[in-house]
2 protein chains.
Amino acid sequence: MNEIDILIYLGKQGAFSSPLPVTTSRIGKALGESQQNISRWLLKMEKEDLIYRNMGIKGYLVQITPNGEKTLQKLKNDIELALAKKGKIKIRGELVTGMGDGQYYMRLKKYSDQIKKKFGFKPYAGTFNIKLTDMKEIRQKEKIIASKGIEIPGFREGNRVFGALKCFHCTLEGGKCALVIPERSHHSFDIMEIVAPEFLRDKLKIKDGNAVKIEVDLNENL
Amino acid sequence: MNEIDILIYLGKQGAFSSPLPVTTSRIGKALGESQQNISRWLLKMEKEDLIYRNMGIKGYLVQITPNGEKTLQKLKNDIELALAKKGKIKIRGELVTGMGDGQYYMRLKKYSDQIKKKFGFKPYAGTFNIKLTDMKEIRQKEKIIASKGIEIPGFREGNRVFGALKCFHCTLEGGKCALVIPERSHHSFDIMEIVAPEFLRDKLKIKDGNAVKIEVDLNENL
DNA sequence: ATTACTAGCGCACGAGTAA
DNA sequence: TTTACTCGTGCGCTAGTAA
């Protein structure tokens, strides 16, 4: 029991725009609380400028103040911010160079065109390679691999076969990137390859050995 | 302080999809509570199946359970339901006939075409006339009149001048209608005129003298 | 460093009841 | 009928401290 429960009850009854005739026992009944308890809460909420009250014939006329409305809005907002993190996984690692085959792949037009199409940016012809130094982080990567992700199909060029890629929207130190995982070659399990738009490469001033944070979005649609 | 605050905190840190390393004192600091208090709450929330916990090296690894997520969703939903009532005014009255000039207006094509255009239905060539029997209800009507509403312009036909109408989306016993207030003739302050789509006239089996509930939407856009 | 127990205090609760 | 007071109980809080 708290003032939020009462604000929600009053709001659902339409106490925003006009005074609502209510009694403490009716609210109590609806919320499973005693009449006395509601009486005390309304008194308190009046002091806190969450509601106005005027005596009516039977019971009070109660209305939610702008402050009361703001309180509800703020809570809703906070919950939304929290729920927005659903389906996102954070990973920490360390920037390394010269590992992984992503940088080779990204020079191939067939791959980079697909990135452009599905992620909306032209990838820099190299990748950020992130080394996962902790077993915990590798377990996170496993969780990502178990997700569906965004598939970029493979192709053949002459004799050579280029495998499919499983990709994810992600942010690297806050900047939008794409996580690229070749579907076949599962060697180097402790490396994550991230392609960035060209401009980001300049903006993020990170060097080899730097610790970086990545947030991977498991959802397919942005 | 309650479990919602902690769920929001954990959620914002991304504890939905993967275990989050936290300590009771860190949460306490963030929420302005003592370490001991957070310890007790986490214990309780674990019992209530809102979170899982596993001992880590320093502190716990905490994750929000599906049930915990559902709890947040439900609260968000309830708040949204409450906030959806904002800008809506409830009025009670009694159905009467033969009063008001709305029914005359609605037979005029220039008016009814506008209703069709702005409310999306062809009005029945008569109005529901609602008599406000209580001073409280009349005060509600004043609040409505003070709002902007949806204007339907006047026109002249030969010598006669037909005034503008101020209209509002509303529901009459749950059915979508339009409240129509002539801008000039402010006689009969205790009558509200409501036009309904033709089919509603049959569906709502209300007769003269019946008490009815109206919910008026002060917003212009549906 | 952690978590979480115990003790002590105060706020929140329902029951009874006055106005 | 109302609201809201007082009273007694118990839950939630912080501080101290054990593990």
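Letters A, B, ... mirror the listed sequences (proteins, then strands); counts begin at 1.
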In 5'-to-3' order, the base (B), backbone-only (S) or no-contact (-) status of each nucleotide in nucleotides 5-19 of chain D, using a 4.0 angstrom heavy-atom cut-off, is B------SBBBB---
If you take all heavy atoms of B:F119 and B:C177, which pair is closest and at what distance? CD2-O, 4.5 Å
Heavy-atom nearest pair, A:A196 first then A:F121, reads C-CE1, 3.6 Å
Specify the separation, in whole Å, of atom [atom1] of [X] and atom [atom2] of [N].
X     : N      : atom1 : atom2 : result
A:I27 : D:dA4  : CD1   : P     : 11 Å
B:R26 : C:dT2  : CZ    : P     : 8 Å
B:N54 : C:dT2  : CG    : P     : 18 Å
A:E48 : C:dC11 : CD    : C1'   : 14 Å

Mind checking if A:R53 touches a base, just sugar-phosphate, or nothing, with heavy atoms under 4.0 Å?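 It contacts sugar-phosphate atoms only.
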Any salt bridge between [X] and [Y], counting N to O under 4.0 Å?
X      : Y      : result
A:D190 : A:K141 : no
A:K131 : A:E94  : no
B:E69  : A:K86  : yes

Decide whether B:T24 and B:Q35 meet the rule of one side-chain donor and one side-chain acceptor closer than 3.5 Å.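 Side-chain D/A pair, B:T24 to B:Q35: present.
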